[in-house]
Engineer: 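If you scroll down you'll find the structure; I have some questions about it.
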Amino acid sequence: MHWADYTAQKLKERGENQVSASGITPSGEFHIGHLREILSAEMIHRSCLNAGMKSKYIFIVDSMDPLRRVYDFLSCEYEEYIGCPLAYIPAPDSEGKPGSSDISYAEYFLNPFLESLEQIGVNPEVVMNHESYENGEFAKYIDLAIKNKEEIRSTIQEISGRELSKEWFPYSPIGSDGSLDGVIVTGYENPYVYWRDEQGVDGKSDIRKGEGKMPWRIDWAARWILHGITCEPAGKDHGAAGGSYDTGIPICKILGGNPPDKIVYEWIQLKGMGPMSSSSGVTIGPMEALSLVPPEILRYIIARSKINRHIEFDTGVSLFKTADEYERLVSAPTPVLEAMNKRQLVAQETQEGAIRLSQVENGTDPRESVGGVTFRHLSMLAQIKSSDEDVWSSLSRSGHIKEKPGSVLKIRLSRMRAWINGPHFPDESRIDIRSEISDESRSAMGKLGVLFLTNLSSFLSDCEWSEEGISAAISQACENTEIQRKDGYSAIYLALTGRTHGPKVSALLFEMERSTVISLFDCD
RNA sequence: GGGCCUGUAGCUUAGUCAGGUAGAGCGUCCGGCUUUUAACCGGACGGUCGCGGGUUCGAACCCCGUCAGGCCCGCCA
C-alpha cells in the first residue's frame, strides 16, 4: 500500500473529517525541498478524499516569523529589519535592497511559489499566519499559554533538553522598532502583554492584534487547534527526538487540543551537476528546478519514494530514466495475476498508488498525462525544431496528436525547452547534427558502413519523404549491402551525431531536409 | 554527550510494523523481431540482505552490540 493511502487509513481512526497542513517560512526563494513538504501533505489529503473522507489541505505561510539575518541575496540595508515579521517588511528589489513596491517580503517570495504549485496541481487554502494574529484568532491560545507558562516551560525544557532563560515568555511582543528581538515581558493583564525593548522603551501589546507572536514551538501547537489540523508532515528537523513535534504534542494538549500524529519526511537534495560544475559555479536555482520538470514527473519523484527515504533530485540523465519509468508504468501497468504472492501484490498496489498520486488533477486517467508523446521524443523534437509550431505540425504529421496540442503538451514543451537551453541538460542527450562525417566516425563504421551510407543516400533521394518511406529505404540499403541492421543504424548515428545510438532514426531524418541528408550520407 | 533515519544485485530500490524458500526496474550479456535503434519481445548472469552475536524449528525482518553515510537537539522543509 502506498504511504499516503496507509496514512489516510490511519487517519480514518480519528474520524471522517481531515485537515492536512503544511507550514513554510517565506524567508527566501522557495525550493525543491519545500515541494516535498507540500506534496507529502497534499498526497495524504488526496488519499483521504479517495478513501471517502472529507478533507481539506491548508498551506500556512509563516509570515509572522521574523527575519533572522541578512541573507546573501539581500543588501545590508536589511540589517534594520532583523527580528521584524516578514509580513511587515518591504520586499527586496532587483538589487536586494528594500524596495518600494506595496507587497511585503513574505508575499514577494510566496506569490511565484503559489503559481508553481498550481501547475503541479496543488490548490491549497492559503493561510497567512500574521492575519491569524491580527484577527485575534490566536488570542485564546496566547492567554492559555501564558496561564500555563510554567507547565509549558518545563515541557520544553524536559523534552528538548534546552535551558530556557528567566526572561522566557510564551509570547514575544513586537518592540517599538518593529522587532521581536530583545523585548522583555514585564507583565500581563489580558489582553495586554507589557514589555520593555532593547532601547529601554516601555509598551504594551494587545494579544488580539498582530503586535507579537508565540514562539515557534507553541505557535505550532496552537495552530493545530485553531485550524483543526489532523495531519501535518514535518521535516526531519522537527521530527527529531526533542524536536518541535515532540514538544508540540504535549503543548497542544495543555492548550486543550488533540494533536496530529507525528509524521516525518526525509530531505530532498539536489544532484546531477557533474563534479566540475560545482567548481565552475553552476548551481541550480531553487525555482529553476521546478520549471524544468513536467508536473506529473515531479509529483512522481515524490510519490514513488517512501516518505522516510532520502531523495536525490537530479536534473541530468536520470530525469529521462524517471520519465521512461513513469511512461512505462502508465502505458503498461503491472497486471494483477493470480500467481502473485502477497509481496508482489503489495508492490503492485504501491506502484498504482504512486501513479495515481502523480496526476496533476486527482482522479484523471494517467494515460492522458503522457499526451501520446514520450518525454524522449519531445526532447528530440524540441532540439531540432526551434519553433513550437513546427513541433506541433511534426507531431500531427506523425500521428502523435490529432489536431491542436493540448495545454498539458504546451507546458511540457516549454519546460523541455527550458531544460535543453539551460546548463542542466545532459550533454550525452544533446543532439548535435554534424555537417560532415568525422574521421573517427568513418573509421568506427568501417568500409561496409561507408558503403551502406552511400547506398542509403541514393535510396533516400527518390523514396517517399515520410517516416515509413525512410524506414523502408534503410531496410533496402541494409539488404543491398548485406550489413547487419544493427551496424547499419550505428553507421547512421555515427554520421549524424558521432555516437552509435540515438533517437529514432526515421523520425530524426524526417525532420531534416532531404538534400542535407543525401549529401551527408553520400561519402564515398 | 543524547537521539532519529538509512545501509538488500553494477545502479535505483520492494520486502522490516504482523519472522516462513530474497522480488522488481534500469544496466550488462545472449537470442528474437526480414520498415528494429535513447526501442520492443524472450531469456540469462548477478545478492554472505553493512558486520558480529543472541532469541527461534526457522531471521533481511525481533533483541544486543558494532561499523558506515545522512540528519536533529538556536532558526531551517
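Worth knowing before you read on, the calculation uses all heavy atoms, side chains too, and leaves out hydrogens, waters and symmetry mates. Proteins come first, then strands; the chains are lettered A, B, ... in the order of their sequence lines, and each starts at number 1.
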Engineer: Output all residues satisfying side-chain contact (heavy atoms from CB on, under 4.5 Å) with H501(A), sequence neighbours left out; order by chain, then residue number.
Structural biologist: none
Engineer: Over 60° means perpendicular and under 30° means parallel, so tell me whether F425(A) and F320(A) are parallel, tilted or perpendicular.
Structural biologist: perpendicular
Engineer: In terms of side-chain heavy atoms of K504(A), which of A38(B), U35(B), C17(B) is nearest?
Structural biologist: A38(B)
Engineer: What is the distance, rounded to the nearest whole Å, between atom NZ of K262(A) and atom P of G3(B)?
Structural biologist: 14 Å
Engineer: How would you list, by chain and number, every residue that makes a ring pair (Phe, Tyr, Trp, His ring centres under 6.0 Å) with Y245(A), sequence neighbours excluded?
Structural biologist: W220(A), W224(A)
Engineer: Decide yes or no on salt bridge (charged side-chain N to carboxylate O under 4.0 Å, His left out) for R223(A) and D219(A), but give the supporting numbers first.
Structural biologist: CA-CA 6 Å; R223(A) 72 169 73 161; D219(A) 179 299; 2.8 Å; yes
Engineer: Say you pick atom C1' in A24(B) and the same atom in C49(B); how far apart are they, in whole Å?
Structural biologist: 15 Å
Engineer: Quick one: label R309(A) by what it contacts on the DNA or RNA (base, sugar-phosphate, nothing), any heavy atom closer than 4.0 Å.
Structural biologist: sugar-phosphate
Engineer: Reckon H310(A) touches a base, only the sugar-phosphate, or nothing at all at heavy-atom distances under 4.0 Å?
Structural biologist: sugar-phosphate
Engineer: Return the set of residues passing side-chain contact (heavy atoms from CB on, under 4.5 Å) with N308(A) (not counting sequence neighbours), or none when no residue passes.
Structural biologist: K306(A)
Engineer: Can you tell me the distance, in whole Å, between the CE atom of M1(A) and the C1' atom of G15(B)?
Structural biologist: 16 Å
Engineer: What pairs with Y489(A) under ring pair (Phe, Tyr, Trp, His ring centres under 6.0 Å), at least two apart in sequence or on another chain?
Structural biologist: none
Engineer: Would you mind classifying the nucleic acid contact of E468(A) as base, sugar-phosphate or nothing, using non-hydrogen atoms under 4.0 angstrom?
Structural biologist: base
Engineer: Looking at U6(B), U35(B), A38(B), which one has an atom nearest to any side-chain atom of N308(A)?
Structural biologist: U6(B)
Engineer: Please produce a list of atom pairs where a protein N or O lies less than 3.5 Å from an N or O of nucleotides 26-28 of chain B.
Structural biologist:
none

Engineer: For S471(A) and R499(A), find the nucleotide of RNA chain B closest to each by heavy atoms; which residue's nucleotide sits nearer the 5' end?
Structural biologist: S471(A)
Engineer: Which residue, S506(A) or E325(A), contacts RNA chain B at a nucleotide closer to its 5' end, judged by nearest heavy atom?
Structural biologist: E325(A)
Engineer: Measure from CD on Q351(A) to P on U13(B) and round the result to the nearest Å.
Structural biologist: 15 Å
Engineer: Whole angstroms only, please: what is the CZ-P distance between R304(A) and U13(B)?
Structural biologist: 8 Å
Engineer: Can you check the distance between A14(B) and U8(B), where both ends of the measurement are the C1' atom (answer in whole Å)?
Structural biologist: 10 Å
Engineer: Given the C1' atoms of C51(B) and A60(B), what is the spacing between them in whole Å?
Structural biologist: 14 Å
Engineer: So among K10(A), R46(A), R356(A), which one has a side-chain hydrogen bond (donor to acceptor under 3.5 Å, both in side chains) with D5(A)?
Structural biologist: R356(A)
Engineer: Distance check needed: U12(B) P versus D324(A) CG, whole Å only.
Structural biologist: 18 Å
Engineer: Could you list the residues that satisfy ring pair (Phe, Tyr, Trp, His ring centres under 6.0 Å) with Y88(A), not counting sequence neighbours?
Structural biologist: H130(A)
Engineer: Using a 4.0 Å cut-off on protein heavy atoms (strictly under), produce a 5'-to-3' string for nucleotides 72-77 of chain B with B for base contact, S for backbone-only sugar-phosphate contact, and - for none.
Structural biologist: SSSSSB
Engineer: P atom, C63(B) versus C17(B): distance in rounded Å?
Structural biologist: 9 Å
Engineer: Taking atom C1' in both G69(B) and U28(B), compute the distance separating them and give it to the nearest angstrom.
Structural biologist: 28 Å
Engineer: Is the Y105(A)-Y108(A) ring centre distance short of 6.0 angstrom?
Structural biologist: no
Engineer: Ignoring hydrogens and geometry, is there a side-chain-to-backbone donor-acceptor pair from E37(A) to G23(A) under 3.5 Å?
Structural biologist: yes
Engineer: Base, sugar-phosphate, or nothing: which does I431(A) touch, judged by heavy atoms less than 4.0 Å apart?
Structural biologist: base
Engineer: Could you measure between the two C1' atoms, the one in A38(B) and the one in C75(B), and give it in whole Å?
Structural biologist: 45 Å
Engineer: Applying side-chain contact (heavy atoms from CB on, under 4.5 Å), can you list everything that pairs with E468(A), at least two apart in sequence or on another chain?
Structural biologist: S466(A)
Engineer: I need the single residue from I307(A), I302(A), I311(A) that forms a side-chain contact (heavy atoms from CB on, under 4.5 Å) with Y265(A). Which is it?
Structural biologist: I307(A)
Engineer: So which of residues 482-492 of chain A are in contact with RNA chain B, with a heavy-atom cut-off of under 4.0 Å?
Structural biologist: R485(A), K486(A), Y489(A)
Engineer: Measuring only the P atom in each nucleotide, how far is C64(B) from C4(B)? A whole number of Å is fine.
Structural biologist: 11 Å
Engineer: Please identify each residue that fulfils side-chain contact (heavy atoms from CB on, under 4.5 Å) with I184(A), with sequence neighbours left out.
Structural biologist: E167(A)
Engineer: Nearest-Å distance, CZ (F510(A)) to C1' (U35(B))?
Structural biologist: 15 Å
Engineer: Considering only the P atoms, how many Å lie between C45(B) and G23(B), rounded to the nearest integer?
Structural biologist: 14 Å
Engineer: Want to know the stems of RNA chain B: at least 3 consecutive Watson-Crick or G-U pairs with distances under 3.5 Å, which are they?
Structural biologist: B:1-7 with B:67-73, B:10-13 with B:23-26, B:28-32 with B:40-44, B:50-54 with B:62-66
Engineer: Any salt bridge (charged side-chain N to carboxylate O under 4.0 Å, His left out) pairs touching residues 489-509 of chain A, not counting sequence neighbours?
Structural biologist: none
Engineer: Atom CG of L329(A) to atom P of U12(B): distance rounded to whole Å?
Structural biologist: 19 Å
Engineer: With a non-hydrogen cut-off below 4.0 angstrom, is E467(A) in contact with a base, only sugar-phosphate, or nothing?
Structural biologist: nothing
Engineer: I'd like to know whether R304(A) forms a salt bridge (charged side-chain N to carboxylate O under 4.0 Å, His left out) with E325(A), so could you lay out the CA-CA distance, the side-chain angles of the two residues, the decisive distance to 0.1 Å, and finally the verdict.
Structural biologist: CA-CA 11 Å; R304(A) 72 167 169 178; E325(A) 184 181 307; 3.4 Å; yes
Engineer: Can you confirm whether or not the ring centre of F73(A) sits under 6.0 Å from the ring centre of Y71(A)?
Structural biologist: yes
Engineer: Within this structure, what is the CH2-to-C1' distance between W3(A) and C17(B), rounded to whole angstrom?
Structural biologist: 18 Å
